[in-house]
Amino acid sequence: MHIIESGNVAAALGVKLSRAQVIAAYPITPQTPLTEKLSEIVEAGELDAQYIPVESEHSALAVCIAASSAGARAFTATSANGLLYMHEQIHWAAGARLPIVMCVVNRGVGAPWTVWNDHQDSISQRDTGWIQIYVNDHQQIIDTVIKSFRLAEEVMIPIMVCYDGYLLSHTYMPFDVPEQDRVDAFLPPYKAPYALDPENPANLNTVTLPDIRFDAQGRLAHGYMEIRYLLQEDMRKALDAASSIERQFFEMFGRGGDAFFELYCCEDADYIAVSMGSLSYHLRDVADLLRASGIRVGVMSVHLYRPFPASMIAQALVHARRIIVFEKALSYGYEGALCSDIKSALFHHGHNQARPEVLGHVLGLGGREIRTEDLHEALKHSCTTPVAHPDEIGWIGLKI
Amino acid sequence: MHAITTILDLPEEEFLNPGNRSCSGCSLGIAYRVALKALGKDTLLVVPPSCLTVLQGLFPIAATKLPSLNVTFASTAAAATGLLGALKAQHKTGIKVVAWAGDGGTSDIGIQALSGAAERGDDFLFICYDNEGYMNTGAQRSGTTPIGALTATTPFKGKLQPKKDVPAIMSAHGISYVATCSAAYPLDIYDKVLKAVTFTGVKYLHLHIPCPPGWGFNPRLSVKIGKLAVKTGLYELYEVEHGQFRLTGASQKLADKKNLVPVEDYFKTQARFRNLGPDQINEIQQLITTRWERYFQTMENGEEG
């Protein structure tokens with residue numbers, strides 16, 4: 001059924017269709033309408049779930065961690081400082097291998113206070129061991145929430161579904177809401193491989209020694225490092241799992257098709273603009289304009305940011321002369337994280353091949369308006385001017 | 001309430017293995033063992049970092065025979081809520097959720113989550129074992145460290161502030177059952193745990209846990225010192241049932257017989273109080289005496305506790 005609704009409602013409907021069993025959340029702009037909608041859905045009896053209005057984001061993820069440890073499908077959502085307040089819990093959920101799904105409605109972080117969109121919040125959680133997916137529109141929000149439960153439960157790694165605050169969360173777009181029975185066929189009920197249970201007692205997340213150790217029956221058990229190694233291994237395996245789940249979703253619903261990234265006019269492109277989230281659609285318009293003036297530009301929007309599909313990304317970019325990365329986040333003192341990751345992916349890809357130059361741009365921090373003229377100017381300049389200082393990031397829309 | 005259960009009536013089944021990693025003379029072991037007997041098999045435990053994390057053992061060996069979830073320091077009560085949510089969502093009944101946190105994990109870093117859960121009325125038992133400091137990390141001061149006590153972070157002057165009254169804070173939430181216990185009176189713990197789990201919403205038990213290395217006394221004196229804390233009137237055993245306060249067990253007897261032991265006798269058993277001068281001791285004695293005069297008055301008026 002096609003409806004016209006906000007991005008937050010798209011996310012809430014995705015959670016409903018996924019039959020989440022425990023939902024815990026704390027209000028924060030611009031995530032709030034999502035949790036309001038979920039509380040409404042649960043209170044109206046449309047979803048057989050426990051909705052727990054916790055007293056903080058730290059507790060929101062604590063509830064999900066415990067619920068998931070006891071075998072329930074758990075969901076939460078937050079933004080900006082709420083996400084940062086969860087930080088130790090974010091690490092904990094990944095270390096404990098719990099398939100929690102969390103929507104991050106991207107917002108800039110304080111200080112100073114801002115409620116508007118950028119990606120600093122979720123990018124700063126890059127190294128926590130969560131899968132991170134960035135989506136571009138409302139259809140992708142609802143579909144990705146559903147796919148994420150499936151992927152998280154297959155690889156036992158939690159997932160952040162990241163979408164732009166206001167730009168997607170509060171705007172209205174038409175999208176298709178899949179039928180419940182088809183979602184049920186795609187996403188079976190969660191069966192935890194291990195869960196807290198009096199019939200089978202276990203002490204979970206105990207203090208673990210640096211080295212491997214025998215248990216009481218003389219069997220060798222992992223040390224901390226083995227447990228962390230397995231998280232990395234399974235993260236890499238999640239690339240294949242994500243691909244296969246994406247394919248199945250495409251076969252059943254006729255949408256999507258590439259779990260890693262979307263390419264727009266990249267086949268013959270001399271220049272490829274790379275970004276994540278709704279900005280990539282903005283860049284497509286600019287690419288059209290530049291192509292009309294004879295500059296062959298393509299656009300890549302990265303969906304799966306962690307695990308990073310490095311070799312596939314490099315393969316898609318390596319034929320271009322120049323890659324221009326547009327980011328709403330910054331690793332202060334260096335450059336945007338995506339820019340570094342793209343460079344690294346290209347560096348590892350084929351030793352004797354000529355590699356494209358990579359330029360980084362930062363824009364839209366704290367919701368600074370991204371004007372099409374500015375984007376056009378910056379991209380055109382990046383395509384047509386020799387690079388004097390490749391390490392310097394470009395700032396778009398800065399008024400200083 | 002007098003102890004109903006006698007040592008002979010205690011269930012024989014053990015849920016705490018011997019040879020665990022607690023320090024010698026640790027009274028947490030006494031309290032934990034007896035409370036787990038009261039809780040029985042169908043229980044899920046939540047434990048934040050604390051002495052209990054150590055007692056429970058290092059992966060892959062566990063001292064506790066009940067399912068136990070280790071969680072981050074600030075999240076104990078919220079995690080208990082999450083377990084309840086999962087049980088309800090999966091329509092599982094007859095399983096109790098019990099959180100066990102230390103005094104720092106309750107009165108300091110854990111109080112926000114605990115207060116939130118109490119206000120929401122989530123149906124679990126929260127047990128705070130109070131050894132009056134961050135003993136697991138080497139005896140630093142906590143909110144419940146008593147005034148005058150030397151700790152690793154109050155090394156010369158002793159703690160300048162009085163002990164935070166967590167049971168009173170929990171009572172102020174209007175929860176159905178709050179009680180205090182001491183590891184020196186394990187049968188009282190057993191009975192209060194049995195009683196606590198019959199109420200709905202958050203139930204709160206506060207356990208006084210003498211700590212040999214943290215307080216500075218010989219490990220063989222743990223029970224004696226725990227009893228002294230009660231007999232001097234410094235630490236009361238009581239229940240608050242739906243808002244109704246009453247002294248229980250040894251404290252109720254103390255109110256009957258009016259034979260408070262001088263608090264100095266308690267202080268001189270422990271190295272942490274060695275800096276207390278006669279003036280300070282008198283001041284504390286005055287506070288105790290005034291408090292207990294009210295209890296004596298209540299007993300004389302014939303009211304129940």
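Keep in mind the model is a prediction, meaning the values are calculated, not measured.
The shortest side-chain heavy-atom distance between B:Leu84 and A:Gln50 does not fall under the 4.5 Å cut-off. Within the 4.5 Å cutoff, the side chain of B:Val54 has no heavy atoms near those of the A:Val207 side chain. Counting heavy atoms from C-beta outward, B:Thr43 and A:Pro198 have side chains that stay 4.5 Å or more apart.
Comparing B:Gln112, B:Glu119, B:Lys92 by how many heavy-atom pairs each has under 4.5 Å with chain A, the most go to B:Gln112. Between chain B and the options A:Ala216, A:Ala60, A:Pro53, A:Ala96, the largest number of non-hydrogen pairs under 4.5 Å is found for A:Pro53.
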Residues A:Leu196, B:Leu83; criterion side chain to side chain contact (heavy atoms under 4.5 Å, CB included); working and verdict
CA-CA 9 Å; A:Leu196 283 179; B:Leu83 291 183; 3.7 Å; yes

Residue pair B:Asp42, A:Glu199: steps toward the side chain to side chain contact (heavy atoms under 4.5 Å, CB included) verdict
CA-CA 8 Å; B:Asp42 292 326; A:Glu199 300 307 323; 4.1 Å; yes

Please walk me through it: do B:Leu58 and A:Thr206 pass side chain to side chain contact (heavy atoms under 4.5 Å, CB included)?
CA-CA 6 Å; B:Leu58 299 166; A:Thr206 329; 5.7 Å; no

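The contact between A:Asn203 and chain B is made by backbone and side chain atoms together, counting heavy-atom distances below 4.5 Å.
Contacts of residues 61-77 of chain A with chain B at a heavy-atom distance below 4.5 Å involve A:Ala62, A:Val63, A:Ala66, A:Ala67, A:Ser69, A:Ala70, A:Gly71, A:Ala72, listed in sequence order.
Contacts of A:Glu55 classified as side-chain hydrogen bond (donor to acceptor under 3.5 Å, both in side chains), with partners at least two apart in sequence or in another chain: A:Ser59, B:Arg120.
Side chain of B:Asn70 to backbone of A:Leu204: a donor-acceptor contact under 3.5 angstrom is found.
Side-chain contact of B:Thr72 with A:Gln89: a donor-acceptor pair under 3.5 Å is present, judged by distance alone.
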